[in-house]
Chemist: 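I'd like to ask you about the structure that follows.
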Amino acid sequence: MNTAWIFLTERPAVFLTLAGVLGLLAGAVVRLLAARLPGVLERYWQREAHALLGLPCTPPVHFERGLLASRCTVCHHRLHGWLDAVLPCARCDGCQALGGRCYPWVELTCAALTLVVAWHWGPSEQALAMMLLTWCLLALSLIDARHQILPDVLVLPMLWLGLIGNALGLFVPLREAVWGAAAGYGVLWTVFWLFKLVTGKDGMGYGDFKLLALIGAWGGWQVLPLTLVLSSILGALAGLLLLGRHRVAWGTAIPFGPYLASAGWIALLWGDEIGTCHLQLIGFR
């Protein structure tokens, strides 16, 4: 591994090219997860609810088949094979129509974010780990923006992976990572209940608590203040923009996950630099 890192360090163009290609491939998987995972989970939840209530259960849902199975939007012919599910422009065998729209924005966004991570960290284990986290945060943002859920099947494994990685000395000491996960969950949990006691309404979902805990598990408790400030600013600006364009009505619930994920990603990459600049601006340095 060290030899490979030395080779890529001496050839940064090669490393960035590989990272861009890997980002495009990961983007296809991210788009697939964002499009199919909510439906698969909904069928799982319906089956569990039927079993709990003693109602006739639907046939069991196979996770892999549920993600990869799809039908043509024109003739409803069944598409087969993982390539048909992953490729944005796969053609239907029945009518030769394109199985999806050929607008690979998710793939391009994922590739761009991957290149930023590769440029920031260089050839290293930290870069690979951060790429994986970036892809997961992008998938969670897309799912929450459309379905207003942050699936535990994505959040919890990444939270544990952050703790394990930091136990191996990846980003921050394990003690800071554990406190980051606990504080991340506890802060939003406290805000949730204070808001509910005052207004009688739910201000956010439990998935937001877990997502902030995930960010804290990767970057330690130090990234939490910046993440909360940036996410609040991004969420407020997005809400005002949507209200100004009459896209939502006042009081409409807006998913907070995309802004939390974006702010956490920024804090993990440039938290130290932003903190230093802030201290310089207020005259402490």
Chemist: Could you walk me through whether Met130 and Leu269 satisfy the side-chain contact (heavy atoms from CB on, under 4.5 Å) test, starting with their C-alpha distance in whole Å, then the side-chain angles of each, then the deciding distance to 0.1 Å, before giving a yes or no?
Modeler: CA-CA 9 Å; Met130 193 63 194; Leu269 265 71; 3.0 Å; yes

Chemist: Are Phe256 and Ile233 joined in one hydrophobic group, where the rule is that I, L, V, M, F, W and Y side chains link up if heavy atoms are under 4.5 Å apart?
Modeler: no

Chemist: Kindly indicate, with the supporting measurements, whether the criterion side-chain contact (heavy atoms from CB on, under 4.5 Å) is fulfilled by Ile266 and Leu226.
Modeler: CA-CA 9 Å; Ile266 293 171; Leu226 180 59; 5.6 Å; no

Chemist: Quick one: does Leu150's side chain get under 4.5 Å of Asp208's, heavy atoms only?
Modeler: yes

Chemist: How far apart are the C-alpha atoms of Met158 and Leu133, what are their side-chain angles, what is the distance that settles it, and do they pass the side-chain contact (heavy atoms from CB on, under 4.5 Å) test?
Modeler: CA-CA 7 Å; Met158 292 304 298; Leu133 177 62; 4.0 Å; yes

Chemist: If you take all heavy atoms of Thr17 and Ala13, which pair is closest and at what distance?
Modeler: OG1-O, 2.8 Å

Chemist: Would you say Thr109's side chain and Val106's backbone share a donor-acceptor pair under 3.5 angstrom?
Modeler: no

Chemist: How long is the straight-line distance from CG of Leu156 back to CG of Leu161, given to the nearest 0.5 Å?
Modeler: 12.5 Å

Chemist: Hydrophobic cluster membership, with links at side-chain heavy-atom distances under 4.5 Å among I/L/V/M/F/W/Y: are Trp193 and Phe195 in one?
Modeler: no

Chemist: So, for Gly20 and Ala111, which heavy atoms are closest and what is the spacing to 0.1 Å?
Modeler: O-CB, 3.8 Å

Chemist: Report the distance from atom CG of Leu211 to atom OG of Ser141, rounding to the nearest 0.5 Å.
Modeler: 7.5 Å

Chemist: At their closest point, which heavy atom of Cys136 faces which heavy atom of Leu154, and how far apart are they?
Modeler: SG-O, 3.9 Å

Chemist: I'd like to check Leu228 versus Leu188 (side-chain heavy atoms, cut-off strictly below 4.5 Å). Are they in contact?
Modeler: yes

Chemist: Would you confirm whether Asn166, through its side chain, and Val172, through its main-chain N or O, come within 3.5 Å as a donor-acceptor pair?
Modeler: yes

Chemist: Nearest 0.5 Å, what's the CG-OG1 distance between Leu24 and Thr114?
Modeler: 8.0 Å

Chemist: Side-chain heavy atoms under 4.5 angstrom apart, residues restricted to Ile, Leu, Val, Met, Phe, Trp, Tyr: same cluster for Ile215 and Val229?
Modeler: no

Chemist: Check the pair Leu22 / Trp135 against side-chain contact (heavy atoms from CB on, under 4.5 Å), numbers first and verdict last.
Modeler: CA-CA 11 Å; Leu22 187 60; Trp135 304 334; 3.7 Å; yes

Chemist: Could you tell me if the ring centre of Trp218 sits under 6.0 Å from that of Trp265?
Modeler: no

Chemist: Counting neighbours of CH2 on Trp270 that are heavy atoms of other residues, nucleotides or ligands and sit closer than 6.0 Å, is the number greater than 12?
Modeler: yes

Chemist: Can you measure from NE2 (His120) to CG (Leu268) and round to the nearest 0.5 angstrom?
Modeler: 10.0 Å

Chemist: Can you confirm if the aromatic rings of Phe171 and Trp121 lie within a centre distance of less than 6.0 Å?
Modeler: yes

Chemist: To the nearest 0.5 angstrom, please state how far the CZ atom of Phe192 sits from the OH atom of Tyr206.
Modeler: 4.5 Å

Chemist: Within the side chain of Ser124, is there an N or O that forms a donor-acceptor pair under 3.5 Å with the backbone of Gly122?
Modeler: yes

Chemist: Give a yes or no answer on whether the side chain of Glu176 reaches the backbone of Gln222 with a donor-acceptor pair at less than 3.5 Å.
Modeler: no

Chemist: Closest heavy-atom contact between Ala19 and Met131?
Modeler: CB-CE, 3.9 Å

Chemist: Hey, quick one: are Ile164 and Val153 part of the same hydrophobic cluster, counting side-chain heavy atoms closer than 4.5 Å, chains of contacts allowed?
Modeler: no

Chemist: In this structure, are over 12 heavy atoms from other groups packed under 6.0 Å from Trp221 atom CH2?
Modeler: no

Chemist: How close do Thr227 and Ala263 get, heavy atom to heavy atom, and via which atoms?
Modeler: O-CB, 3.4 Å

Chemist: First locate atom CG of Leu132, then atom CG of Leu137, and finally report the distance between them rounded to the nearest 0.5 Å.
Modeler: 9.5 Å

Chemist: I need the minimum non-hydrogen distance between Ala34 and Leu142, along with the two atoms involved.
Modeler: CB-CB, 3.8 Å

Chemist: Give a yes or no on whether Leu194 and Phe209 share a hydrophobic cluster (residues Ile, Leu, Val, Met, Phe, Trp, Tyr; joining criterion: side-chain heavy atoms under 4.5 Å apart).
Modeler: no

Chemist: Mark yes or no for whether Asp144, through its side chain, and Leu140, through its backbone, hold a donor-acceptor pair below 3.5 Å.
Modeler: no

